[in-house]
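Everything below concerns the one structure shown next.
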Number of protein chains: 2
Amino acid sequence: MSNQPSSDVSNPLLQLENQLCFPLYALSRMITKAYQPLLQELDLTYPQYLVFLLLWEHQELTVKELGEKLLLDSGTLTPLLKRLEQKQWISRRRDPRDERSVIIGLLPAGRELQARACQIPEEIFAKLNMPQADFEALRRQLNALLTQLA
Amino acid sequence: MSNQPSSDVSNPLLQLENQLCFPLYALSRMITKAYQPLLQELDLTYPQYLVFLLLWEHQELTVKELGEKLLLDSGTLTPLLKRLEQKQWISRRRDPRDERSVIIGLLPAGRELQARACQIPEEIFAKLNMPQADFEALRRQLNALLTQLA
DNA sequence: CTTAATTTAGTTGCACACAATTAAACATTA
DNA sequence: TAATGTTTAATTGTGTGCAACTAAATTAAG
């Protein structure tokens with residue numbers, strides 16, 4: 001006759017509250033949503049922004065390399081990259097030394113996006129409203145878990 | 001003349017490595033992928049599993065309540081719930097006291113899924129291969145950040 | 001050199017996510 | 001109570017994610 005959540009077969013391990021997966025899933029989406037208004041001004045989606053972070057740093061990467069770094073496969077990347085190609089922000093060409101590979105490069109308009117994006121990290125950090133130390137600690141912890149699992 | 005990543009305009013704040021968002025995004029997808037083979041045996045997707053976690057605990061919830069708890073809107077939930085209704089796992093009916101609301105309830109087949117799901121949390125925990133204390137600490141930290149931002 | 005295996009992108013199909021809009025039911029207020 | 005505003009789902013359209021499959025190029029084995 002207890003005043004339980006209303007089920008007598010309630011398994012604490014099966015409660016949303018006690019999952020690790022859910023806050024990861026929800027936080028990931030919330031942070032993506034925090035980026036959205038900033039990225040909208042650049043006409044970029046969040047995964048497209050991640051691709052550009054890599055291209056701004058490396059100039060050229062194959063689809064395979066992008067997939068390894070972002071943990072995304074060609075089923076996701078190919079249509080995404082084709083949309084960026086249509087906007088003339090990136091180039092796609094076969095590697096002449098290995099025709100299986102497609103090399104993604106920055107076009108001038110894509111390179112110029114960097115200047116407009118460079119304030120985004122600070123603006124996001126301000127939105128999060130977290131102490132810098134907590135931010136760094138969490139980032140390192142999540143990165144460690146990520147490389148351990150990948 | 002330094003041996004930089006190959007760009008002279010490289011902004012550390014714009015490197016994938018230094019983002020908090022990326023490990024969250026990638027970890028979330030990796031954990032979803034870890035659930036996939038277990039959920040496949042129940043013919044469930046990961047977001048559908050989250051809906052059932054709530055329904056097993058609360059028996060009945062409106063679409064609005066599900067959306068508040070999962071941070072999802074009706075554009076995501078309505079088609080997802082209709083698929084579960086087609087499988088005869090849940091019921092969807094208007095609240096007679098407020099015809100705007102749709103009440104989602106468990107049907108017998110949906111309730112019986114719980115017995116088959118109850119080993120999943122342990123199996124996932126084993127896959128993660130993390131000390132229990134780390135798991136709990138991370139879960140609490142992410143939940144705190146989530147409620148702070150939401 | 002030829003066959004078999006592997007690697008790499010692309011394609012297809014399905015299920016989210018979410019912004020934007022619509023429509024019905026309910027609440028408020030003049 | 002009539003007009004206005006709010007709440008709640010549903011709908012539409014776009015863009016991921018990802019499993020499964022295909023096809024072309026390369027490599028390895030015999």
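Atoms considered below: every heavy atom in the structure, side chains included; atoms not considered: hydrogens, waters and symmetry mates. Numbers restart at 1 for each chain; the letters A, B, ... are given by sequence-line order, proteins then strands. Because the structure is predicted, anything quoted here is derived from the model rather than measured.
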Phosphate OP1/OP2 of [N] contacted by [X] side-chain N/O (<4.0 Å):
X: Thr78(B); N: dA10(D); value: yes
X: Tyr25(B); N: dG17(D); value: yes
X: Arg29(B); N: dA19(D); value: no
X: Lys82(A); N: dT11(C); value: yes
X: Ser101(B); N: dT8(D); value: no
X: Gln48(A); N: dT16(D); value: yes
X: Gln36(A); N: dA17(C); value: no
X: Arg94(A); N: dA9(C); value: no

Just compare [options] and give me whichever is closest to any side-chain atom of [X].
X: Val102(B); options: dG17(D), dA10(D), dA19(D); answer: dA10(D)
X: Thr62(A); options: dA9(D), dA9(C), dC16(C); answer: dA9(C)
X: Gln40(A); options: dC18(C), dA20(C), dC18(D); answer: dA20(C)
X: Thr76(B); options: dC16(C), dT11(C), dA19(C); answer: dC16(C)

Cationic N near anionic O, under 4.0 Å, Glu85(A) to Arg92(A): yes
Taking any heavy-atom pair under 4.0 Å as a contact, classify Thr45(B): base, sugar-phosphate, or nothing.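 Since only primed, P, OP1 and OP2 atoms lie under 4.0 Å of Thr45(B), the category is sugar-phosphate.
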With heavy atoms under 4.0 Å as the rule, sort Leu80(B) into base, sugar-phosphate or nothing. sugar-phosphate
Here's a test of your reading of the structure: between Asp98(A) and Pro47(A), which maps to the more 5' nucleotide of DNA chain D?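 In this pair, the answer is Pro47(A).
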Taking all non-hydrogen atoms of both residues into account, name the closest pair between Gln19(A) and Pro23(A) and its distance.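 Gln19(A) and Pro23(A) have their closest heavy atoms at O-CD, 3.3 Å.
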[X] [atom1] to [N] [atom2], straight-line distance once rounded to whole Å:
X: Arg92(A); N: dT8(C); atom1: CZ; atom2: P; result: 17 Å
X: Leu66(B); N: dA9(D); atom1: CG; atom2: P; result: 9 Å
X: Leu77(A); N: dC18(D); atom1: CG; atom2: C1'; result: 11 Å

Using heavy-atom distances to pick each residue's nearest nucleotide on DNA chain C, tell me which of Met30(A) and Glu68(A) is more 5'. Glu68(A)
For Arg100(A) and for Pro96(B), find the nucleotide of DNA chain C with the closest heavy atom, then tell me which residue's nucleotide is more 5'. Arg100(A)
Give, for atom CD of Glu17(A) and atom CZ of Phe22(A), the distance between the pair rounded to the nearest 0.5 Å. 9.5 Å
Which class fits the ring pair Tyr49(A) and Tyr35(A): parallel under 30°, tilted 30 to 60°, perpendicular over 60°? tilted
Go through it in stages, so that I can follow the logic: the residues are Glu136(B) and Arg139(B), the test is salt bridge (Lys or Arg N to Asp or Glu O under 4.0 Å), and I'd like the CA-CA distance, side-chain angles, deciding distance and then a yes or no. CA-CA 5 Å; Glu136(B) 281 302 312; Arg139(B) 186 182 63 72; 2.8 Å; yes
